[in-house]
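Remarks on the structure that follows.
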Amino acid sequence: QMSLADSGGDSVQAGGSLRLKCVVTSGTRYSENCLGWFRQAPGKEREGVATIYSPAGTANYGDSVRGRFTISEDNAKNTIYLQMNGLNAEDTAVYYCAASPALRPGSCLPFSGLFTYWGQGTEVTVSS
């Protein structure tokens, strides 16, 4: 069983930046997990933000954040990061980190239905 603790959400002005962090506690090998970030705005469906497979380092991004957000991970610290730049009001949402030990590298894509373990969420509010 895995547990994920995400943090770093805050209120920020449009055009600003935030860095989200997710610490993963696992009884399995963290280094071979598919890791990702998702978000859900009030009244809207859950949206894929970014995913990365730990040993390969290949990242995939949702269309709405590509070019502005960067996902990364630190194996030594069992931690996932999401650097968010150029934030706008449409980025306001609760952001969740997620992991799935079962996924293979080619399947590590930002589709929420593929993931098994989830963080509690951290709220990001962007004001213009």
Side-chain angles (χ1 to χ4, degrees):
Q1 183 176 342
M2 303 179 69
S3 63
L4 294 80
D6 36 28
S7 62
D10 204 351
S11 296
V12 63
Q13 292 290 316
S17 299
L18 285 173
R19 189 189 193 195
L20 305 184
K21 174 182 178 181
C22 176
V23 179
V24 180
T25 300
S26 177
T28 63
R29 290 184 298 174
Y30 169 86
S31 297
E32 295 185 353
N33 287 323
C34 175
L35 311 169
W37 288 96
F38 299 81
R39 67 186 184 183
Q40 187 164 20
K44 298 184 178 180
E45 64 183 7
R46 185 165 48 184
E47 177 185 21
V49 175
T51 57
I52 187 168
Y53 194 85
S54 179
T58 300
N60 290 280
Y61 295 93
D63 291 340
S64 63
V65 306
R66 187 175 294 109
R68 297 187 297 121
F69 292 7
T70 303
I71 187 172
S72 62
E73 59 89 24
D74 186 333
N75 283 327
K77 297 181 178 180
N78 288 9
T79 301
I80 315 164
Y81 301 95
L82 183 69
Q83 179 66 47
M84 305 186 294
N85 298 326
L87 289 164
N88 57 60
E90 296 301 315
D91 297 316
T92 295
V94 177
Y95 285 71
Y96 300 88
C97 61
S100 182
L103 292 177
R104 301 175 68 178
S107 298
C108 190
L109 302 171
F111 305 131
S112 62
L114 300 175
F115 288 79
T116 303
Y117 298 97
W118 295 84
Q120 77 283 358
T122 183
E123 187 170 358
V124 173
T125 301
V126 184
S127 301
S128 60

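Hydrogens, waters and symmetry mates play no part in the numbers below; they use all other heavy atoms, side chains included.
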- Just how far is it from atom NZ of Lys21 to atom OG of Ser7, taken to the nearest 0.5 Å? 6.0 Å

- Task: Would you indicate whether the side-chain heavy atoms of Val65 and Trp37 approach each other to under 4.5 Å?
- Result: no

- Item | Closest contact, heavy atoms only, Leu18 versus Leu87 | N-CD1, 3.9 Å

- Message: Tell me every residue that passes salt bridge (Lys or Arg N to Asp or Glu O under 4.0 Å) with Arg68, counting only those two or more places apart in sequence or in another chain.
- Response: Asp91

- Query: Taking Tyr53 for the side chain and Gly106 for the main chain, is one N or O donor matched with an acceptor at less than 3.5 Å?
  - Reply: no

- Transitively linked via ILVMFWY side-chain contacts under 4.5 Å: Val23 with Ile80? no

- Item | disulfide bond (SG atoms under 2.5 Å apart) contacts in which one or both residues fall within residues 99-128, not counting sequence neighbours | Cys34-Cys108

- Query: Hey, is CD on Glu90 packed in by over 12 heavy atoms from elsewhere, all under 6.0 Å?
  - Reply: no

- Can any side-chain N or O of Thr51 pair as donor or acceptor with the backbone N or O of Gly36 at less than 3.5 Å? no

- Message: Counting C-beta onward and ignoring hydrogens, is there a side-chain heavy-atom pair between Leu20 and Thr122 closer than 4.5 Å?
- Response: yes

- Query: Which pair of non-hydrogen atoms, one from Ala50 and one from Pro110, has the smallest distance, and what is that distance?
  - Reply: N-CB, 4.3 Å

- Item | Of all pairs that satisfy disulfide bond (SG atoms under 2.5 Å apart), the ones with a partner from residues 72-102, not counting sequence neighbours | Cys22-Cys97

- Message: If you compare all heavy atoms of Ala99 against all heavy atoms of Met2, which two are closest, and at what distance to 0.1 Å?
- Response: CB-CE, 3.8 Å

- Residues pairing under salt bridge (charged side-chain N to carboxylate O under 4.0 Å, His left out) where one sits in residues 79-89, two or more places apart or in two chains, turn out to be none

- Message: Once disulfide bond (SG atoms under 2.5 Å apart) is applied, what residue pairs with a partner in residues 61-96 remain, sequence neighbours excluded?
- Response: none

- Item | Check against side chain to side chain donor-acceptor pair (under 3.5 Å), Ser100 and Asn33 | CA-CA 6 Å; Ser100 182; Asn33 287 323; over 6 Å; no

- Query: Which heavy-atom pair separates Tyr95 from Asp6 by the least distance, and what is that distance?
  - Reply: O-OD2, 3.7 Å

- Item | For Arg66, salt bridge (Lys or Arg N to Asp or Glu O under 4.0 Å) partners two or more places apart | Asp63

- Using atom types as modelled and distance alone, determine if a side-chain donor or acceptor of Asp74 lies under 3.5 Å from a backbone N or O of Ala76. yes

- Under a 4.5 Å side-chain heavy-atom rule over Ile, Leu, Val, Met, Phe, Trp and Tyr, are Leu4 and Val49 clustered together? yes

- Looking at side-chain heavy atoms only, is the closest gap between Leu82 and Arg19 below 4.5 Å? no

- Item | Val124 versus Met84, closest heavy-atom pair with distance | CG2-CE, 3.9 Å

- Task: Name all pairs fulfilling the disulfide bond (SG atoms under 2.5 Å apart) condition that reach into residues 61-92, sequence neighbours left out, sorted by first residue then second.
- Result: none

- Atom pair CZ/OG of Arg46 and Ser112 - distance to nearest 0.5 Å: 4.0 Å

- Quick one: list whatever passes side chain to side chain donor-acceptor pair (under 3.5 Å) with Glu123, sequence neighbours left out. none

- Using side chain to side chain contact (heavy atoms under 4.5 Å, CB included) as the criterion, list what pairs up with Ala14, not counting sequence neighbours. Val126, Ser128

- Other cluster members, Val94 - Ile/Leu/Val/Met/Phe/Trp/Tyr, side-chain contacts below 4.5 Å: Phe38, Tyr96, Leu103, Leu109, Phe111, Leu114, Phe115, Trp118

- Query: Can you name the side chain to side chain donor-acceptor pair (under 3.5 Å) partners of Asn85, sequence neighbours left out?
  - Reply: Ser17, Gln83

- Heavy-atom closest pair (Gln40 atom, Lys44 atom, distance to 0.1 Å) is NE2-O, 3.1 Å

- Task: Check side chain to side chain donor-acceptor pair (under 3.5 Å) between Ser64 and all other residues, then give those that pass, not counting sequence neighbours.
- Result: Arg39, Glu47

